[in-house]
Amino acid sequence: MQSEWACAVFEDTFGKAAELVVEAPGRVNLIGEHTDYSDGFVMPAALPYGVSLAARATDGPSRLYSVARGWAKSFQVAEVEPGSTRGWANYAAGMAWALRQAGMPVDTNAEVVVANDLPIGAGVSSSAAMEVAFGWLWLTLSGFPVDPLQVARIAQTCENQYVGVNCGLMDMAASALGVDGHALLMDIRTMEVQPVPVPDDLVLMLCDTGRRRGLVGSAYNDRRASVERAAATLGVSHLRDVTEEQLEAQAASLNEEDLRRARHVVAESARVHQMAAALRADDRDQMGALMQASHDSLRDLFEVSCEELDAMAEIARAAPGCIGARMTGAGFGGACVALVTEQDVPNYVERVSEAYGQRFPDRESVFLAARASRGAGIGYDFR
Ligand code: GLA
């Protein structure tokens, strides 16, 4: 991450040294897509890329400068309310507001520089990383203890109620709880988290299609409404409580679209456990088969893929060194994730970017090879 850069920009911008550095990673989801808001299972991994904050407490109002986006309007952490800030400052101010709602009235303002090395719009949760980072920052400056899971939950409140996006808990939890070298098998209902080791010679390859996620807000909410309706019709609070057998036995009670959505959620949640078993047994054929089944289901049943994601997944899968590939994140653009053997990475990127470029000459694909990484914290790279 870019902490040293954030510190250098801080000194240039505010004329003194930063006193605190916070880092929060983005995430890639290995499997378990569109299952978190059904209280189901997911398996994200934190990335070695994310948001870095260089900061210093101040007696004046909070002043935030983003390396990518410039200045935000200043605000008082103890006073912000939904609607009182705009744009990217919502993630920072919204966390102060959400912490207050949760009984932690943070009141220490800060001067902050924000640096971000995640590709924006690729579906790797730069907004969740920003929220988690600011959660850590406000709590630390005001002298509250930091509980990573609690920060993740508060970040979800911020996103749902302050920013106004109705997302689940996965992205923030992955950013807050990441473990080096491990994907995280998460039960979103209980928030029991089991780190599952990713074999040492495999890298997580992010293959960004270059197509930005235009439709995502309304389509995401439609999908949510559909699975909530399905759960209500089946008489359960969340689809988490339904097995494949139970769903099929009651299939006739659902409309055709809700049934397709529900079939995806129930099978996808089960695939998360199968993937954990495959990773633990180092069964690479099974990893590949599960990633493919996940992609196909997101394309055909949940209908959140797009031409670029389908092509990228197919090309990524066919290139030498690939164990498996699928779209990752909310869909409608963004990136695929592939598991690739490390020794093949240089040729792999060349092959895949060339083949994808031939299909979509106007899209700028981006490839990032990553190891699963630790979650948010104070000044890792900075020490
Ligand atoms: C987005 C949301 C997550 C999750 C994924 C789909 O990333 O923020 O909560 O629902 O989409 O798995």
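As the structure lists them, so they are numbered: ligands from 1, and atoms in each ligand from 1.
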Which atom pairs, nitrogen or oxygen on both sides, join ligand 1 and the protein at under 3.5 angstrom?
from, atom 1, to, atom 2, distance (Å)
ligand 1, 7 (O), R27, NH2, 3.0
ligand 1, 7 (O), D171, OD2, 3.0
ligand 1, 8 (O), D171, OD2, 2.6
ligand 1, 9 (O), D36, OD2, 2.6
ligand 1, 9 (O), G168, N, 2.9
ligand 1, 9 (O), Y220, OH, 3.4
ligand 1, 10 (O), D36, OD1, 2.7
ligand 1, 10 (O), Y220, OH, 2.6
ligand 1, 12 (O), E33, OE2, 2.6
ligand 1, 12 (O), H34, N, 2.6

Could you check whether R284 pairs with D282 (Lys NZ or Arg NE/NH1/NH2 to Asp/Glu carboxylate O, under 4.0 Å)?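 Looking at D282 together with R284, the answer is yes, because their closest N to O distance falls below 4.0 Å.
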- R100 and E81 ion-paired at < 4.0 Å: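 The answer is yes: the pair qualifies as a salt bridge.
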Original post:
Which word best sums up how the rings of Y37 and H34 line up, parallel for under 30°, tilted for 30 to 60°, or perpendicular for over 60°?
Top reply: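 Perpendicular: the ring planes of Y37 and H34 meet at over 60°.
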request  = Mind telling me whether Y162 and W97 have parallel, tilted or perpendicular rings, with 30° and 60° as the class edges?
outcome  =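 Correct class here is tilted.
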### Task
Determine, step by step, whether F360 and D362 satisfy the side chain to side chain contact (heavy atoms under 4.5 Å, CB included) criterion, reporting the C-alpha distance in whole Å, the side-chain angles of both residues, the deciding distance to 0.1 Å, and the verdict.
CA-CA 5 Å; F360 300 96; D362 299 333; over 6 Å; no
| field | Step-by-step salt bridge (charged side-chain N to carboxylate O under 4.0 Å, His left out) determination, R223 to E303 | value | CA-CA 9 Å; R223 297 303 182 281; E303 297 175 283; 5.7 Å; no
